[in-house]
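Written below as structure tokens is the structure these notes are about.
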Amino acid sequence: TLPAALQSQLVGPAGPAGAAGAAGSDGADSTVAGPAGAAGSAGAAGAAGAAGADGVGGVKDFVASGTLPNGSPVILKADGTVERVDIISSGLAQSIPAGAESLFNSGYTVYISGATDPNNANKFIVAYADGSNSYHGKVVVGTISGTTISFGTPVKFNAGSTNGTTISFDPNTANQFIVAYPGVGNNGYGSTVVGTIAGTSISLGTVVVFNSYQVAEIYVEFDPSTAGKFVIAYKDYSGSYQCSVIAGTVSGTTPSFGSVVTISSGNTANVGLKFDPNNAGKFVVIYKQNSANQGEARVGTLTGTSISLGTSAVYNGITGEHLSLDFDTYTSKFVVAFRDQSNAHKGTAVVGTISGTTVSFGSKFVFDTVYSTYTRVAFDPNTSGRFVIAYKSASLGKTIVGTISGTNISFANADSFDTGTIDMIAVFFDSVTLGKFITVYMDNGNSGYGTAVVNQLSTLTAPAANLTAD
């Protein structure tokens, strides 16, 4: 037996084997890329392509389209033909007149007025006094086809002597118009009648008197902004031959009237009236103020059947005669055309501008240095700033084209629409066809017959070559 101290140092027999340890976790992915593989060897070069075929000769025959003058450059068309390179324009060239004269009255014809129907393509009406029938007042429908005019059967609106006519279509009521006139057979009273057209036929309502005194220098115009509303301006014999205006309303085919408003208290003549198409209810009246011997204008405002007036403005310090005016449909500017007594009776025009109830004028521009009468102006409704003046130059019928820029006017050369002597002119544009307008007049070179002719302003576009992207 070993001492106790030594027994503690002895090694005992080995124990049984321990259980297998748990499997270790997967090692982390390596972030180090393996080495790149070696590059493959280059492929063999391709064989050379075959040689191209020889080119053909530089001469080729083509069929011509149209005439080909020697040395002209040509273009090849899709059908294999060739044509000359040209500088071309589209549209119509100016032609005054563009068609033959047409008669609306085969008798002595005076006091002519006319208007185009804005709601009826290629239709217009002429009003006149028929000298071959005791100067009875008549209206007739005209129809435009290209450059030709045909007329329906005239209808009598006044079975007495008629000392003036004026006519206006209501742009807001299809096929309806009004005629105003001094019914000499009715003591010269201011009278009106409403008419309706259907094709080339006319039906008339009842005559209604708006002034139970003699009137003259009469002009009627519908308000383009309000259906059935119109204004008449006239020389009023009830007092001192003053210029007066009155508002009217059409109900069905019957007109009714408001109160008379005095434009100018002095003796007046050469009255004209037009509504501003760009300014609701606003219109301008022009007149010759005999007592002051000058041309004047005033702005009016129509509200219901009431009329208020702005202050008068002078457009010609020494009076003008044979006055007319029309508005540019694109601006609040208008042109007054007249015979200028202060300048050897030359044909003259001036631009007016409306601002509120005030009218102002630019400088005068002469369009004809010869004695000019029956000056009638009309703006082209489809071209901003462009207008025509039809007038009697000495004895000949002429038309001149003008353009406004601000208050300046430039004129082209005048053209004759009739080479004989003429009188009693009216001019107005076709509401549908670009640049087309009608002149109606008394043809003294043909026994004073009532005559009409179609005219065409230029609608040509900018010239371009007949080349395509192909």
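Heavy-atom basis, side chains included; hydrogens, waters and symmetry copies ignored. These numbers were taken from a predicted model, which means no experiment stands behind them.
Checked by atom type, the side-chain pair Tyr189/Gln214 shows no donor-acceptor distance below 3.5 Å. Side chain to side chain, Asp276 and Ser332 meet the donor-acceptor criterion of an N or O pair below 3.5 Å. At a cut-off of 3.5 Å, with distance as the only test, no side-chain donor of Asn270 or Tyr287 sits close to an acceptor on the other residue. Under 3.5 Å, the side chains of Thr249 and Lys229 contain a donor-acceptor pair of N or O atoms. A donor-acceptor contact closer than 3.5 angstrom links the side chains of Arg339 and Tyr371. Between the side chains of Ser150 and Thr143, not a single donor N or O lies within less than 3.5 Å of an accepting N or O. Between the side chains of Thr196 and Asn175, not a single donor N or O lies within less than 3.5 Å of an accepting N or O.
The closest side-chain heavy-atom distance from Val139 to Tyr128 is not below 4.5 Å. Looking only at side-chain heavy atoms (C-beta outward), Met442 and Ile425 stay at 4.5 Å or farther from each other. Here the side chains of Asp326 and Val335 are not in contact, with every heavy-atom distance at 4.5 Å or above. Residues Phe283 and Asp223 have side chains not in contact (no heavy-atom distance under 4.5 Å, counting atoms from C-beta outward). No side-chain heavy atom of Val155 sits less than 4.5 Å from a side-chain heavy atom of Phe157. Asn382 places none of its side-chain heavy atoms less than 4.5 Å from the side chain of Phe429. The shortest side-chain heavy-atom distance between Lys398 and Asp415 does not fall under the 4.5 Å cut-off. A 4.5 Å side-chain heavy-atom check between Ile286 and Val336 finds at least one atom pair inside the cut-off.
Remark: the backbone N or O of Thr373 is not paired with any side-chain donor or acceptor of His322 at under 3.5 angstrom. When atom types are taken as modelled, the side chain of Thr451 and the backbone of Tyr449 share a donor-acceptor pair closer than 3.5 angstrom. Thr459 places a side-chain N or O within donor-acceptor distance of the main-chain N or O of Leu92, the cut-off being under 3.5 Å. Judged by distance alone, with hydrogens and angles left aside, the side-chain atoms of Gln242 form a donor-acceptor pair with the main-chain N or O of Ser240 at under 3.5 Å. Between the Arg298 side chain and the Gly310 main chain, a donor and an acceptor come within less than 3.5 Å of each other. Side-chain atoms of Ser191 do not come within 3.5 Å of backbone N or O of Pro182 as any donor-acceptor pair. Judged by distance alone, the side chain of Lys235 and the main-chain N or O of Ala216 form no donor-acceptor pair under 3.5 Å. The closest donor-acceptor contact from the side chain of Thr109 to the backbone of Gly107 lies under 3.5 Å. Looking only at distances, no side-chain donor or acceptor of Thr305 sits under 3.5 Å from a matching main-chain atom of Gly258. Between the side chain of Thr162 and the backbone N or O of Gly160, at least one donor-acceptor pair lies under 3.5 Å.
What you find for Asp117 and Asn119 is that their closest heavy atoms are OD1-N, 2.9 Å. Considering all non-hydrogen atoms of both residues, Asp368 and Ser393 come closest at OD2-OG, 3.0 Å. Nearest heavy atoms, Val285 versus Ala233: CG1-CB, 4.2 Å. Scanning both residues, Val220 and Thr166, for their nearest heavy atoms gives N-OG1, 3.1 Å. Of all heavy-atom pairs spanning Ala227 and Thr173, the tightest one is CB-OG1, 4.2 Å. Of all heavy-atom pairs spanning Ile438 and Ala452, the tightest one is CG2-CB, 4.5 Å.
Applying the ring-ring contact (aromatic ring centres under 6.0 Å, His included) rule to Phe210 yields the partners Tyr234, Phe257; only residues at least two apart in sequence or on another chain are considered. The ring-ring contact (aromatic ring centres under 6.0 Å, His included) test applied to Phe361 returns Tyr315, Phe334, not counting sequence neighbours. Judged as a ring-ring contact (aromatic ring centres under 6.0 Å, His included), and not counting sequence neighbours, Tyr330 has no contacts. The ring-ring contact (aromatic ring centres under 6.0 Å, His included) check on Tyr219 picks up nothing, with sequence neighbours excluded.
Rounded to the nearest 0.5 angstrom, Gln456 CD and Ser95 OG are separated by 8.0 Å. The distance from atom CZ of Phe379 to atom OG of Ser384, rounded to the nearest 0.5 Å, is 8.5 Å. Taking CD1 of Ile96 as the reference point, atom CG of Asn413 lies at 11.0 Å (rounded to 0.5 Å). Rounded to the nearest 0.5 angstrom, Phe338 CZ and Glu321 CD are separated by 11.5 Å. From Asn158, atom CG reaches atom OH of Tyr135 across 14.5 Å, with rounding to the nearest 0.5 Å. Between the CG atom in Asp170 and the CD atom in Glu221 there is a gap of 10.5 Å [rounded to 0.5 Å].
Aromatic pair Tyr237/Tyr213: centroids not less than 6.0 angstrom apart.
Applying the 6.0 Å contact sphere to CZ of Phe411 captures more than 12 heavy atoms from other residues, nucleotides or ligands. Around OH of Tyr108, the count of heavy atoms belonging to other residues, nucleotides or ligands within 6.0 Å does not exceed 12.
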For Phe275 and Leu302, run side chain to side chain contact (heavy atoms under 4.5 Å, CB included): C-alpha distance rounded to whole Å, both residues' side-chain angles, the deciding distance at 0.1 Å, then the answer.
-> CA-CA 10 Å; Phe275 271 90; Leu302 176 62; 4.0 Å; yes

Side chain to side chain contact (heavy atoms under 4.5 Å, CB included) between Val250 and Phe230, intermediate numbers included | CA-CA 8 Å; Val250 174; Phe230 63 92; 3.7 Å; yes

Run the side chain to side chain contact (heavy atoms under 4.5 Å, CB included) check on Ile144 and Val454 step by step: do they pass?
-> CA-CA 8 Å; Ile144 307 165; Val454 173; 4.2 Å; yes

Tyr391/Tyr374 under ring pair (Phe, Tyr, Trp, His ring centres under 6.0 Å): CA gap, chis, key distance, verdict | CA-CA 5 Å; Tyr391 63 103; Tyr374 299 108; over 10 Å; no

CA sep, side-chain torsions, deciding dist, call: Lys346, Asp340, salt bridge (charged side-chain N to carboxylate O under 4.0 Å, His left out) | CA-CA 5 Å; Lys346 296 176 182 179; Asp340 190 354; over 6 Å; no

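A salt bridge links Asp380 with Arg386: the distance from a Lys NZ or Arg NE/NH1/NH2 to an Asp or Glu carboxylate oxygen falls below 4.0 Å. Ion pair Asp423/Lys392 flagged as a salt bridge, since at least one NZ, NE, NH1 or NH2 atom sits closer than 4.0 Å to an Asp/Glu carboxylate oxygen. Classification of Asp328 and Lys333 as a salt-bridged pair fails, no side-chain N sitting under 4.0 Å from a carboxylate O.
A side chain to side chain donor-acceptor pair (under 3.5 Å) check over residues 427-443, counting only residues at least two apart or in different chains, returns the pairs Glu101-Tyr441, Asp418-Tyr441, Asp430-Thr433, Thr439-Asn455. Sequence neighbours left out, not one pair with a member in residues 141-151 passes salt bridge (charged side-chain N to carboxylate O under 4.0 Å, His left out).
Under the 30°/60° scheme for interplanar angles, the aromatic rings of Phe428 and Phe124 are found to be tilted.
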